[in-house]
Structures are given as C-alpha cells and as structure tokens.
Amino acid sequence: METMEELAKAYDPGQYEADIYKRWEDSGFFAPEAHLPWVDNLSEAERRPFTIMLPLPNANAPLHVGHALGLTIQDILTRYHRMRGRRALWLPGTDHAGFETQVVFEKKLEKEGTSRFKMTREEFYKACWDFVQHNKHLSENGIRRLGASCDWSRNIFSLDPEIVKVVYATFKQMYADGLIYRAGRICNWCPKHQTGLADLETKYEERQEQFYYFKYGPFVIGTSRPETKFGDKYVVMHPDDKRYTRYKHGDKLNLEWINGSITATVIKDEAADMEFGTGVMTITPAHSAVDFEIAERHKLDVEQVIDKRGKMLPMTGEFSGMKILDARVKIVEKLQGKGLVDHIDDKYKHNVQLCYKCGNLIEPQIVPQWYIAMTKQLPDGRPSLRDMAVQALDKKEVEIVTEKFEKTYRHWMENIRDWPISRQIWWGIPLPVWYCQRMQNDECRMKNGVIVDVENTLTVCPHCDSTEIIHDPDTFDTWFSSGQWPYATLMANDAKHGTKDFETYFPTQVMETGWDIIFFWVARMVMMSYYRTSKPPFEKIFLHGLVRDKDRQKMSKSKGNVIDPLGVIDTYGTDALRFALVFSTAAGNDIPLAEDKVKGMKHFANKLWNIARFVLTNLEVSKLQISSSKSIETKTEADKTIILELQQTIEGVTSGLEAFRLHEAAQTIYDFVWHKLADVYLEASKTQLVDEAFADNTKKILLHNLIMSLKLLHPFMPFVTEAIWSEMYGKEKEKLLMIQKWPI
RNA sequence: GGGCCCGUAGCUCAGCUGGUUAGAGCGUUCGCUUGACAUGCGAAAGGUCAGCCGUUCAAGUCGGCUCGGGCCCACCA
C-alpha cells in the first residue's frame, strides 16, 4: 500500500477487526513477559507489572452488554499500561458458576422433557460439563471480538484441577483454624432446587395474605402459616408484656389443638413483639429462622413438620403428604370446626422470602451446612475475616474508586453473618469431606467423624481404620472458589506451567466489575485473600454501573430489551460500541445505552479514518518516519494552537486514565480529534500546504498530531487505530500500535 | 427499620479538590453535493443547574431543610 488513496472513503470495521485481533494474538504481546522493543531503558519501577483479573464470566450464557462494558474498561486500562511500558497481565478465565449454571442447565433439561432427578449424578455432571464447554467457547470468542487484550496462554477455568487444589487447601486450612464449621441450623431451603442458599441468594417480595388468629388455650395466637403449627408446643410472649404477667416462664398448660390435646410450655422471650398481633405466638423452630433462634436460646425441642419437597410429614396425621397450601386450607377448616379460629385478617401484608433464581418460596429447613465464621478471630492472632476486610479500607491497602460503594461495603460488613458455603447441588466442586460412621476412637469422636481429605480419594477412616465412611454429597458455593480467584489463578498457573506468576503478579492492581456483585464477590475476595496470603487481592476496586436501555430500563429477556453486544458490533463495529460505553458516564453510575450513541461513535471512527486519509495523502511515504517532534516548528497561529492543545490533550487523557476517569479521558481525546484537529487545524492546513513557506512544517505537524491521536485513542478504539497504523507502518509485529510508547 | 444515591438544555448524561460568558452526544432551526469525511461542514435557538435557607469575596460544586425519583441491606410471628 503506497498511499491511502486506494482506501475506501469510509472505515468498514468488519473488514479489519478479525484480522487485527489475530495479529495481536499471534504477536504474543498480550503476554506480560513479551519484550517490547523500546522498554530497555525504562527503570524496573516503570516496568512493574500491571495485573487485572478478568471477572470470570459464567460459563452458562453468552456475553451480554454488561460484560462488554467491563471488558472495555479493563482493556482500556490494560492497553494503556502496556503502552506505558508496564508488564501488563490481564488474566482471562471462566467460572463454572455452580448454582447459576445448574439452574440454567436444569431448565434446558426440563424443555427436553427430563430432569436431573431422572439421571445419575455422573450422567448429569457429564452433560453439564459438555454444555459448559460449549458456552465457554462462545464467550471466549465474544471476548476476542470486543478486542480484549488478555493473555490467553494463562486462560483458566474454575474447575481446572489446579484451581480445585488451591480451593481445597484453603478449606483445609480454614477448617484447621476453626474458621470453617458444620452446623445443623436452619437454612434458606429452596424446595424446587433442593438446596440451601445464602441470605444473599434470596430476595423478598411483598404479598397480601390471610393472617389467622387461633385460640390456643387461654391465648389467641397469630400466624400466617397454619400448616407449620403442628409442632407448636411452646407459646412465647415478651417478659415485660403486662397482659400476660400471670403466666410464668416454664408454666405448662393443657389445651386442645389441631390433632387433639397437647401440653404447651410458656416461654418468655424478648423476640416476641408486644405490638404485633396479640403479643403471643407459638413457634415452629424447624421452619422459621426467628423461631429457631428462640428455640436455641431456651434449648427447646425441634420437630420437623414439612419435608424438603414442601409436603406435610406423617407427624401431621391426616394431612400427611399434602402440599403446604392445600394443607393450610384444610387445617384452617378443621380448626374452624373445633371452634378454635378467633378471626382472620384478609388484608395482612408482609414480605415473603423467595429463591432469587426461581422465585419460589423459601421454606426454611434444618439442614446441616458448612459455614465460614466471619467475625471470629484467627488462631494466629490476626483479626476476623470481616475485620481484615474492613481494615483493608482503613489502611488504604484496598481503595474503592467509586467512593459511594465504600459506604455500602462497610455497612454490609457491619451486619455480616456467617457464610454458608455448602450447596446441595451437583454442579460444582465437591466438598473434600468424609464422615466416619463407626467412630471407633477418641480422635474420630472429637471431630464428630469429620475427615477432611483434599485428595478426595479416601477409602478408610485415617483415625480408626473403619471402611464405613461416606463422602459428603455437597458442593461448594461458587463464590467460595471464585472468591479466591486473584491468587488461585496465579497459583494454579504456576502449578500448570512451573512459572512464578503468584510471586510476580500478586497482589493485582485493579478489580473491575459491576457493583451488583460487591458482596457476593468483591468483599469475599478481600477476606479470602488476606486470610490466605496476608495481602490484599488488589489495590483498587473500580465498580461500573449497570447498562440499561435507552429508557433507563433494566435489560431483561422478558422485556425484550436486551442488547446483544455482538449484534451491535456487527452493525457499528467494536470501537463504536466500546467508545459509546465509556464515553458519557462516570464510574459507578448506570449507563443508558441508546443505539444513536453507538452510531455517533461509529461516525467518530470514520472521522478519524478520514483525518488519516487527508494527512497521508498529503505526505510522501518516505516522510512517515519524521515523527520526532523536535524538528517541528510553530510558524503560524494555527500551528501554535494545535501543538498547545495536543499537549493539553495528552495530559488530560493521561490524567483521566490514571484517575479512573475514563469518560473524561474519552471526551478529551474525542474533542481534540474532532473539534481541534479536524475542524480547525486541518482546515487551516489546507492553505498552509499550498504556501511553500509553511508546507513542509505543516506536514510534520499533521503527521505528529495524527500519530499522537492514534496512540491516545488506541486503548479506547483499538481496531480503527491499529488499522490506520498498519497502513502507515506495515504489518510487522514490532510495528503494532498496541505496543508503541504512550506519549508524555 | 438501617443505609446509599440522584434531581443540570427537548432527550440521555459530563461537570475532579468551590473561581472567568455552565458543557457533550442525539434532537430541533437555517445555510452548504468546497477533492479527507453528507458517517460531513458552517451557523443558531434552547438551562432562574428541583426549591428554600446558610457558609464564602465567590456555589451547579460545601452545609441544613423541603419536595420529587431511584437503589441496597435487614425483616416480623
């Protein structure tokens, strides 16, 4: 290609993008150890690593536009720091996303007329594995199409054996430290998915339901759940409630109840709200979190009434086997027959707890789960996981760039509860736990028969040699493994390749992700990392907002307003999408994405293309090397102005990037290229170029500005800038714009 | 119940540590098929920066209150 004259008048992204990405990837420069031609005279400090972990996308669905935003921001930062000479590592990976994936996959099975309960665990796992592998490739291709300059040689999957090994080691250590324990307390049970869930994995919805007042001996009790009342042999009231002073804690009363007469015991507990209902309640510890806590305080009997599938148990007599809602109606009828219904309130509004995935009612159940203690001091004297995570902010070892989220983070930490990490699902990392059934000696008994075996290949109990051992069927909460991502990935890669990545690239510099997973993921990474490595997982947390549609609506499949990023790329090009995403919204705010905005940015890419055409058609090819700004003179007002503005732009874009103010950086370079360089200087140059006194110098200034613009714009719009650069300097890999030096 | 955020041009949003005539994109109006680009160029209209009070030489920017909108966490038998 001798000149730009042969090029089309318009930039056609589709014609260049795939080829350019391949050249980048083949060049090897995505890897941080690749040697950039110009970095030898940089100091070690200038060359220090810059590491970002890709927030591992779930391997169960294609990329959505939220991913596109995150990928864009991370790529901008990575490319910028690479051009600064730092060893930039952006490490890609994918999450098996246990529960999420299992739900998606089970839906698929349902459509195919089957279910996991008709398969063996092994069959299910294999089928899910294949499903995930397929999706994993789709998202990896999507990541490439977005231009992400991540190091694919380090690509990793959360179920890779090396990751699992790190996860197990953490579990073992936490168990030994007494931070992980197993407890048979009440948990959020989803009857559809047949698993316990963390509080974070449930949501609330306001419903108007009937609220029943029943005669319970001398009392009237209120309940919204008559079906749980079978086991209710305790009647609870506040110790200060004047209405009931004649009843003492521990009093026994005989009274008529659903299935005949029972003996009830009076319990005085401050959990009873004197303002609510009659101030008296009966409790069902097996099916209510609050009741369970009361029962624990007073060491009360706990009896299960409803099974895990939401059906009444035999202890309910004639109601046995009925579904909850059917039983509710029948029980009320029966109590009415016995004259025990005082009255019914039809307008009772309350919040019900739902599974965040399927929206079914959570039915609290007592199921043994494994927990991590959040507020327990470490045996080596270090503070609790929670306190370490808060101190990280106090000591500014970790900074949340978007300040408002620091408050959210702290507030959550203040109220944190122990984290249940076991799930009764099949798709995930199995717990490395066995239970000895015989318990022949003291060590066995002391440990309640629990054996932690990270090899997961146990056949006999190591303490008593019994062969009667069973493997815990549970798997880990996904966040237990992804919460270890920053160090687990580096450690796992070291194990795979014999490298020293953990030593070199940890702690990482930036964690860039959506604010919606600050508790699920970000907070946990901080805690786990301090625990395992005594270091923060990252220095900065950059939280982006939700991408919404042009009317600020949340995107959802049911609304039909989901924007497919790859579809947008097909129409407008990757650069246009990327620039539109970062252009006009500050960090942490939600981003409305209108098609017009993307279209406008496509126009901008084209503008740049045509600026290049103009500049290059006015230059001889041999002059392309005169990029040194030293030989430039400022002979006219226009010259002076553009050189000054260029300098201001370099400073503005650089400081914007350093301060994570990407939208300002983007606006600065946009404004310069379009409104300073093109609108003003190019127009002025048209007269200068025909005046011999100015012509040569004007060409130099034009070229210099073009080169600088391409560099400054490259992190934001990598494809069109690289396409122009290739036309100027050819396609050798050392000539890639991607690895040129950032202007200062 | 606890906490957080927002209210700037018709629409969507920028405006960092308070400092000259408050900005961008899209839209609107008028004029331009000029050899880089009509995916373009030039020009124009359009804002009492929700309201009130305060701090200050100076406030969209800081503080208080009011009105309006959104979000998060917890959760009631």
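Proteins come first, then strands; the chains are lettered A, B, ... in the order of their sequence lines, and each starts at number 1. No experiment lies behind these values; they were computed from the predicted model shown. Hydrogens, waters and symmetry mates play no part in the numbers below; they use all other heavy atoms, side chains included.
With a cut-off of 3.5 Å on both pairing distances, the Watson-Crick or G-U wobble partner of G1(B) is C73(B). Pairing for C49(B) is absent, with no Watson-Crick or G-U wobble pair whose two atom distances lie under 3.5 Å. Across all strands shown, G31(B) pairs with C41(B); the Watson-Crick or G-U wobble distances both stay below 3.5 Å. Using the Watson-Crick or G-U wobble rule with both distances under 3.5 Å, C62(B) pairs with G54(B). As the counterpart of G23(B), C13(B) is assigned, both hydrogen-bonding distances of the Watson-Crick or G-U wobble pattern falling under 3.5 Å. When Watson-Crick and G-U wobble pairs are counted only if both distances are under 3.5 Å, G68(B) pairs with C6(B).
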Quiz item: What one-letter contact string describes nucleotides 71-77 of chain B from 5' to 3', where B marks a base within less than 4.0 Å of any protein heavy atom, S marks contact via sugar-phosphate atoms alone, and - marks no contact?
Solution: -SSSBSB
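Side-chain N/O atoms of R410(A) include none lying less than 4.0 angstrom from OP1 or OP2 on G3(B).
Counting any heavy atom pair closer than 4.0 Å across all strands shown, L682(A) reaches a base atom. Residue contacts for A678(A): at a heavy-atom cut-off of 4.0 Å it reaches a base atom on one of the strands shown. The residue N618(A) sits apart from the nucleic acid: no heavy atom pair falls under 4.0 Å.
Comparing the same atom, P, in C5(B) and in G42(B) gives a spacing of 41 Å after rounding to whole Å. Only the P atoms considered, U39(B) is 24 Å distant from A44(B), to the nearest whole Å. Across U33(B) and A50(B), the matching C1' atoms stand 47 Å from one another, rounded to whole Å. For the P atom pair drawn from C16(B) and G60(B), the interatomic distance equals 12 Å after rounding to whole Å. On the P atoms, A9(B) is 14 Å away from A24(B), given to the nearest whole Å. A distance of about 12 Å separates the P atoms of G47(B) and A22(B), rounded to the whole Å. For the P atom pair drawn from G27(B) and C67(B), the interatomic distance equals 39 Å after rounding to whole Å. Between the P atoms of C41(B) and G46(B), the separation comes to 24 Å (whole Å).
Below 30°, between 30° and 60°, or above 60°: for Y213(A) and F211(A) the angle between ring planes is above 60°, a perpendicular geometry.
The CZ-C1' distance, from F579(A) to U39(B), rounds to 16 Å in whole Å. Rounded to whole Å, the distance from CG on L593(A) to C1' on C26(B) is 13 Å. Rounded to whole angstrom, the span from the CZ atom of R661(A) across to the P atom of A14(B) amounts to 11 Å. Between I591(A) atom CD1 and C26(B) atom C1' the separation is 17 Å, expressed in whole Å. In this structure, the CH2 atom of W674(A) is 13 Å from the C1' atom of A36(B), given to the nearest Å. Between the CD1 atom of I724(A) and the P atom of C37(B) there is a distance of 15 Å, given to the nearest Å. In this structure, L662(A) places its CG atom 14 Å from P of A14(B), rounding to the nearest Å. H603(A) has its NE2 atom 7 Å from the P atom of U39(B), to the nearest Å.
Ranking C37(B), G15(B), C5(B) by closeness to the K407(A) side chain, first place goes to C5(B). Side-chain atoms of N589(A) lie closest to A14(B) of the nucleotides A14(B), C16(B), C37(B). Picking from U39(B), G15(B), G40(B) the nucleotide with the shortest atom distance to the side chain of K607(A) gives G40(B).
A donor-acceptor pair under 3.5 Å is absent between the side-chain atoms of S288(A) and the main chain of T284(A), judged by distance alone.
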Below 3.5 Å is the cut-off: list the nitrogen or oxygen pairs between protein and nucleotides 22-25 of chain B, distance only.
residue	atom	partner	partner atom	Å
G25(B)	OP1	H675(A)	NE2	3.4

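Across every non-hydrogen atom of R243(A) and M274(A), the tightest pair is NH2-O, 3.0 Å. In terms of heavy atoms, F719(A) sits closest to E17(A) at CE2-O, 3.2 Å.
D639(A) and Y681(A) share a side-chain donor-acceptor pair at under 3.5 Å. Residues H675(A) and D671(A) bring no donor and acceptor atom of their side chains to less than 3.5 Å of each other. Remark: the E206(A) side chain and the N351(A) side chain contain no N/O donor-acceptor pair separated by less than 3.5 Å. For the residue pair H287(A)/E363(A), the side-chain donor-acceptor check at 3.5 Å is not satisfied.
Residues K203(A) and E205(A) are not paired through a salt bridge, judged by the lack of any N-O separation under 4.0 Å between the basic side chain and the carboxylate. A salt bridge links E406(A) with R410(A); the closest basic N to acidic carboxylate O contact falls under 4.0 Å. Using a 4.0 Å cut-off between charged nitrogen and carboxylate oxygen, K268(A) and D251(A) do not count as a salt-bridge pair.
Here F219(A) and Y247(A) bring their ring centres to under 6.0 angstrom of each other.
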